[in-house]
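Everything on this sheet refers to the single structure shown next.
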There are 2 protein chains.
Amino acid sequence: MTPSTPHPRDRGIPEATVARLPVYLRSLQSLHERGTPTVSSDALAASTGVNPAKLRKDLSYLGSYGTRGVGYDVEYLIYQVSRELGLTQGWSVAIVGIGNLGRALANYGGFGTRGFRIAALLDADTSVVGDRVAGISVGHIDTLEDVVAAERISIGVVATPASTAQSVCDRFVESGVTSVLNFAPVVLNVPTGVEVRKVDLSIELQILAFHEQRKADGHLSPGWIEPQDDTS
Amino acid sequence: MTPSTPHPRDRGIPEATVARLPVYLRSLQSLHERGTPTVSSDALAASTGVNPAKLRKDLSYLGSYGTRGVGYDVEYLIYQVSRELGLTQGWSVAIVGIGNLGRALANYGGFGTRGFRIAALLDADTSVVGDRVAGISVGHIDTLEDVVAAERISIGVVATPASTAQSVCDRFVESGVTSVLNFAPVVLNVPTGVEVRKVDLSIELQILAFHEQRKADGHLSPGWIEPQDDTS
DNA sequence: CCGTGTGAAACGTTTCACAGCT
DNA sequence: AGCTGTGAAACGTTTCACACGG
């Protein structure tokens, strides 16, 4: 996509790096709260479970924000990573499907704190509409289009059953939402230009089952731990 | 790790392939319910949103289960994929942390249906202990070690707040659990041989924010969709 | 002297293109 | 004739190893 990027400053950060920046950010914030002023790539790598060289390469895509012989200034790096991820501006989020999962998401502290504002909760079930969840009144799904426009929603979260996920997604897209986070166990079809990320609880379990089976394949002891040191 | 694999039959399926098998499986099951007897790689690829060549390569790691000129037998392929993922045997799962997320997980239909049995729900909060969630009585976290042994738990799910996630994980590992699914926003440290998978709600949002920002960078129209067809 | 920043090598994954089977 | 299975090329990611600067 975008075969010839017209803009001169296309820093082109690799997707794999983008996916790790939030992890670094969390570790940096934790260091900052503990009053640590500076951190080396080795230390930050250890606390985030990645290879130090990888961490340095990742950060180098953002610019040269470290000091040789010293490390990285924690506060400054927090700002740079936040800015790169787009967390210095606020993003309005709407969650559709206020079952247990929707409630968990609405109450999840990590959302409100950094850059994200839960602007609306919607559900199709009229017995749920009007409930207050995380201090927000649940609206009816029929108002989706109005809410997206009025609240300038930029990220739509689909936490509905599988059967209604695609239609909710379609309505988000038609209303102009170009980023969707999908928790329903279906593949959502969207036009090019719309970003979908999927979080699938049962897929993760199945991947674990695969590895668990492999472990059990050779030696039959169930709780066996390889006697090696943890070099992550 | 495992520098020289001692077992002769090390089929060595790529990690990327393993992560996609559950997606294929879901699509296949849906086809099966609709009575479709056979499916081509192109059709299955379209319904799962992957490249047909990739799908064929993925399936070829399991063996030659297709018929040239015809496609794949849906029922037979379901069996082969299930077996490879280890879903033909039952896995007992324990969920620790019965807040909204833990409840959502416990009630999630996808778990019970295929290969997984929720054998225990545990929480530290005594006002939650004794509640019935998804037909299971919530136990106290102090009984974790006993429950893991008695129920032969092979997968531990951590749905606690970040502050207690590591200690719960440690107790799982000490009890012999070698697969952990972590929903808490922390990096869990485990010895070699223990598999951890992380599901992090806020990280996914941050990745979306990054892409949303990039879209807004050049052209300033917020709800813009690239006029191309969907070749996924 | 220590730790960052980065070419270059190694590795893994995706995609192409077509040979080969039904 | 049609679709799978797969070498080989293209691409992306990780890791190594060291030059360079504070």
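Just so we're on the same page: letters track the sequence lines, and every chain starts at 1.
Each of Gly69(A) and Lys57(B) lies near DNA chain D, and the nucleotide nearest Lys57(B) is the one positioned closer to the 5' end. Mapping Asp58(B) and Val39(A) onto DNA chain C by nearest heavy atom places Val39(A) closer to the 5' end of the strand.
As rounded to whole Å, 14 Å separates atom P of dT4(C) from atom CG of Leu62(A). Rounded to an integer number of Å, the gap from Asn51(A) CG to dT4(C) P is 13 Å.
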- With side chain to side chain contact (heavy atoms under 4.5 Å, CB included) as the test, would you mind laying out the steps for Phe172(B) and Val190(B) before giving the verdict? CA-CA 10 Å; Phe172(B) 269 135; Val190(B) 293; over 6 Å; no
- Given the rule in the side chain to side chain contact (heavy atoms under 4.5 Å, CB included) test, do Gln213(B) and Trp91(A) qualify, once you have shown the distances and angles that lead to the verdict? CA-CA 10 Å; Gln213(B) 178 176 240; Trp91(A) 300 102; 4.1 Å; yes
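With dG20(C), dA17(C), dT4(C) as the candidates, the nucleotide lying closest to the side chain of Arg68(B) is dG20(C).
The pair Glu174(B)-Arg171(B) fails the salt-bridge criterion, with no side-chain N (NZ, NE, NH1 or NH2) lying under 4.0 Å from an Asp/Glu carboxylate O.
The aromatic ring centroids of Tyr65(B) and Tyr76(B) lie less than 6.0 Å from each other.
Leu105(A) and Ala159(A) get closest at one heavy-atom pair: CD1-CB, 4.2 Å. Nearest approach of Ala209(B) to Leu87(A), heavy atoms of both residues: CB-CD2, 4.2 Å.
When heavy atoms are screened at a 4.0 angstrom cut-off, Ala16(A) is found touching the sugar-phosphate backbone but no base atom.
When DNA chain D is scanned 5' to 3' for any atom under 4.0 Å from a heavy atom of chain A, the first and last hits are dT13(D) to dG22(D).
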